[in-house]
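One structure is given below, encoded as structure tokens.
Since the model is a prediction, treat every value here as computed from it, not as a measurement.
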Amino acid sequence: MMVLTAKSLRTVIVLLIGVIFVALAGYVYLLHGTPASPETLMIRQISLDQGRLQLSGTTSSSAAGYSGYSYTIEDGKLYIRLRYSLLSSSGDFAIDMPTKEATIRNVYLQGSSSDDVRLLWSE
């Protein structure tokens, strides 16, 4: 029978906590997704009317599934970042969002960097 000393028990506990933390962080990262390159996205429909943006499309990457979006509005320019994940099932996306009464003159898809943009709509 093996007896654990206090030092070895602490080591085992620290290792277990580390493994659990890494596994949870990896799962959250995969579930949340990463920004998609604008060049891999195909837009089916975009409209900006009465303070609402409607945007739908899909990705050319068969392995990635849509997991969400984030956006910023800056000087009349709306930048949308679509996130894709290996844990999501479909690459199709449909966004219907209010534009917060902001004046939008241009709508861009943005990738992981501020230079990675593609103009989708302009008034």
Side-chain angles (χ1 to χ4, degrees):
M1 180 175 186
M2 187 172 132
V3 177
L4 292 176
T5 64
K7 185 177 179 180
S8 61
L9 184 59
R10 272 189 299 233
T11 303
V12 168
I13 290 172
V14 168
L15 284 173
L16 282 175
I17 289 172
V19 167
I20 291 170
F21 176 76
V22 168
L24 284 174
Y27 178 75
V28 168
Y29 174 77
L30 288 175
L31 185 65
H32 182 70
T34 57
S37 169
E39 299 308 315
T40 64
L41 299 170
M42 296 172 279
I43 305 303
R44 285 191 198 113
Q45 180 253 343
I46 182 169
S47 67
L48 187 61
D49 191 28
Q50 298 178 354
R52 297 200 72 75
L53 171 74
Q54 294 179 321
L55 176 66
S56 64
T58 192
T59 181
S60 62
S61 173
S62 61
Y66 173 71
S67 65
Y69 73 95
S70 59
Y71 69 94
T72 56
I73 299 174
E74 195 175 287
D75 298 325
K77 299 173 185 172
L78 172 63
Y79 296 94
I80 301 173
R81 272 190 176 160
L82 301 179
R83 293 186 314 274
Y84 278 79
S85 163
L86 295 176
L87 298 181
S88 298
S89 61
S90 171
D92 295 343
F93 62 89
I95 298 171
D96 184 4
M97 62 177 255
T99 57
K100 297 183 181 179
E101 305 301 322
T103 302
I104 305 295
R105 293 186 303 275
N106 299 305
V107 177
Y108 295 90
L109 278 178
Q110 184 176 24
S112 57
S113 74
S114 59
D115 295 333
D116 188 13
V117 295
R118 179 174 133 204
L119 179 64
L120 295 181
W121 179 87
S122 184
E123 67 175 1

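Listed here is the closest heavy atom pair of Ile73 and Thr99: CD1-O, 3.9 Å. Minimum interatomic distance between Arg52 and Asp96 (heavy atoms only, all atoms of both residues): NE-OD1, 3.0 Å. In terms of heavy atoms, Ile43 sits closest to Phe93 at CD1-CZ, 3.8 Å. Between Tyr84 and Gly91, the closest heavy-atom pair is OH-O, 2.8 Å. Closest approach of Pro38 to Gln110, counting heavy atoms only: CG-C, 4.0 Å.
By the rule that hydrophobic residues join a cluster once side-chain heavy atoms approach within less than 4.5 Å of another member, Leu9 and Ile17 end up as members of one cluster. Ile95 is not connected to Val117 by any chain of hydrophobic side-chain contacts under 4.5 Å among Ile, Leu, Val, Met, Phe, Trp and Tyr, and they are in different clusters. Leu120 and Tyr79 fall into different hydrophobic clusters, defined by Ile, Leu, Val, Met, Phe, Trp and Tyr side-chain heavy atoms under 4.5 Å apart, directly or through other members. Transitive grouping of hydrophobic side chains (ILVMFWY, heavy atoms separated by less than 4.5 Å) brings Ile104 and Met97 into a common cluster. Residues Ile80 and Tyr108 do not share a hydrophobic cluster, clusters being chains of Ile/Leu/Val/Met/Phe/Trp/Tyr side chains in contact below 4.5 Å.
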Let's go through Leu48 and Glu123 carefully: what are the C-alpha distance in whole Å and the side-chain angles of both, what is the deciding distance for side-chain contact (heavy atoms from CB on, under 4.5 Å) to 0.1 Å, and is it a yes or a no? CA-CA 10 Å; Leu48 187 61; Glu123 67 175 1; over 6 Å; no

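Distance alone, capped at 3.5 Å, places no donor-acceptor pair between the Thr58 side chain and the Met42 backbone. Judged by distance alone, with hydrogens and angles left aside, the side-chain atoms of Arg105 form a donor-acceptor pair with the main-chain N or O of Asp75 at under 3.5 Å. Side chain of Arg81 to backbone of Gly111: a donor-acceptor contact under 3.5 angstrom is found.
Interatomic distance, Arg83 CZ to Ser67 OG, rounded to the nearest 0.5 Å: 5.0 Å. Distance check, rounded to the nearest 0.5 Å: CG of Leu53 to CD1 of Ile46 gives 5.5 Å. Expressed to the nearest 0.5 Å, how far CG of Leu41 lies from CG of Leu55 amounts to 9.0 Å. Rounding to the nearest 0.5 Å gives a distance of 7.5 Å between CG of Leu78 and OG1 of Thr72.
Dense packing is recorded around CD of Gln45, with more than 12 heavy atoms of other residues, nucleotides or ligands lying under 6.0 Å away.
Donor-acceptor pairing under 3.5 Å is lacking for the side chains of Ser37 and Thr40.
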